[in-house]
Amino acid sequence: LNHVNNCFCMLNRHLTNIGLEVKQQKCRLACASSDRVFAAQEAARLRLCPVDVDNIISLETHAINILGVPIGAAAGIQQQLDDKANQLADDLNLLPKLQNKQTALLLLRYCCVHKIN
């Protein structure tokens with residue numbers, strides 16, 4: 001939480017320099033585990049964080065994709081990875097059905113391999 005607070009303060013300083021501000025009442029602190037929620041609540045109780053964390057904290061059970069990387073709760077990340085693996089398996093199962101083997105190889109090389117990364 002200390003790192004989040006330091007980043008928030010730094011962001012606020014930079015935004016103030018260009019005439020912008022962060023509306024704390026519109027911010028959310030999304031935690032991926034109940035341990036993190038407890039740590040945030042404890043920091044708020046001890047006043048280690050100038051932001052009123054109790055009013056903005058939430059326990060997230062989902063994950064979001066940022067630049068192609070799932071970030072968030074473990075269950076949400078696992079679900080996204082499972083979905084990606086299932087889609088890739090479906091795509092790979094279609095390749096042998098193509099009559100032209102060269103086309104299948106090119107699709108595998110230039111499309112399916114990139115999906116794995």
Side-chain angles (χ1 to χ4, degrees):
L1 187 64
N2 233 3
H3 181 68
V4 171
N5 185 46
N6 291 340
C7 290
F8 182 78
C9 291
M10 182 187 68
L11 178 65
N12 239 353
R13 278 194 309 274
H14 288 294
L15 290 176
T16 301
N17 289 339
I18 59 172
L20 299 173
E21 66 178 304
V22 175
K23 300 284 187 188
Q24 289 184 15
Q25 64 272 21
K26 292 185 175 183
C27 295
R28 302 285 308 153
L29 177 62
C31 300
S33 72
S34 55
D35 292 341
R36 295 288 183 183
V37 171
F38 178 74
Q41 289 170 334
E42 188 66 14
R45 188 181 69 73
L46 297 173
R47 303 283 186 232
L48 298 177
C49 180
V51 179
D52 186 9
V53 177
D54 279 332
N55 293 329
I56 64 168
I57 196 165
S58 67
L59 177 62
E60 298 297 322
T61 58
H62 297 86
I64 60 170
N65 256 328
I66 298 177
L67 299 175
V69 178
I71 296 176
I77 292 172
Q78 186 62 50
Q79 182 62 48
Q80 284 196 16
L81 293 175
D82 288 345
D83 291 346
K84 189 173 183 175
N86 290 335
Q87 180 60 49
L88 183 60
D90 291 345
D91 292 348
L92 290 173
N93 288 332
L94 292 174
L95 290 178
K97 296 179 181 178
L98 293 173
Q99 297 207 1
N100 186 324
K101 300 304 175 195
Q102 181 70 24
T103 301
L105 176 65
L106 291 172
L107 285 171
L108 175 65
R109 180 181 295 160
Y110 293 111
C111 298
C112 294
V113 169
H114 294 291
K115 287 183 179 182
I116 294 172
N117 294 329

Checklist entry - Is it true that Leu107 and Leu88 fall in one hydrophobic cluster, defined by side-chain heavy atoms closer than 4.5 Å? => result yes
Next on the checklist: Quick check: is Val69 connected to Leu81 through a chain of hydrophobic side chains (ILVMFWY, heavy atoms under 4.5 Å apart)?
Outcome noted: no
Checklist outcome for this item: Contacts of Asp91 meeting side-chain hydrogen bond (donor to acceptor under 3.5 Å, both in side chains) (sequence neighbours excluded), chain-then-number -> Gln87, Lys115
Checklist entry - With Asp90, which residues qualify under side-chain hydrogen bond (donor to acceptor under 3.5 Å, both in side chains), at least two apart? => result none
Checklist entry - Which atoms form the tightest heavy-atom contact between Ala63 and Gly76, and what is the distance? => result CB-C, 3.5 Å
Checklist outcome for this item: Taking every heavy atom of Pro70 against every heavy atom of Gln80, the minimum-distance pair comes out as CB-OE1, 3.3 Å
Item to check | More than 12 heavy atoms from other groups under 6.0 Å of NZ on Lys101 | outcome: yes
Checklist entry - Is it true that atom CD1 of Ile18 has more than 12 heavy atoms of other residues, nucleotides or ligands lying nearer than 6.0 Å? => result yes
Checklist entry - Yes or no on side chain to side chain contact (heavy atoms under 4.5 Å, CB included) for Leu105 and Leu95, after CA distance, side-chain angles and deciding distance? => result CA-CA 8 Å; Leu105 176 65; Leu95 290 178; over 6 Å; no
Next on the checklist: For Asp82, run the side-chain hydrogen bond (donor to acceptor under 3.5 Å, both in side chains) check against Gln78, Lys84, Gln79 and tell me which one passes.
Outcome noted: Gln78
Checklist outcome for this item: In this structure, CG of Leu15 is separated from CD of Glu21 (nearest 0.5 Å) by 9.5 Å
Next on the checklist: As an exercise, state the distance from CG of Leu20 to CG of Asn12, rounded to the nearest 0.5 Å.
Outcome noted: 10.5 Å
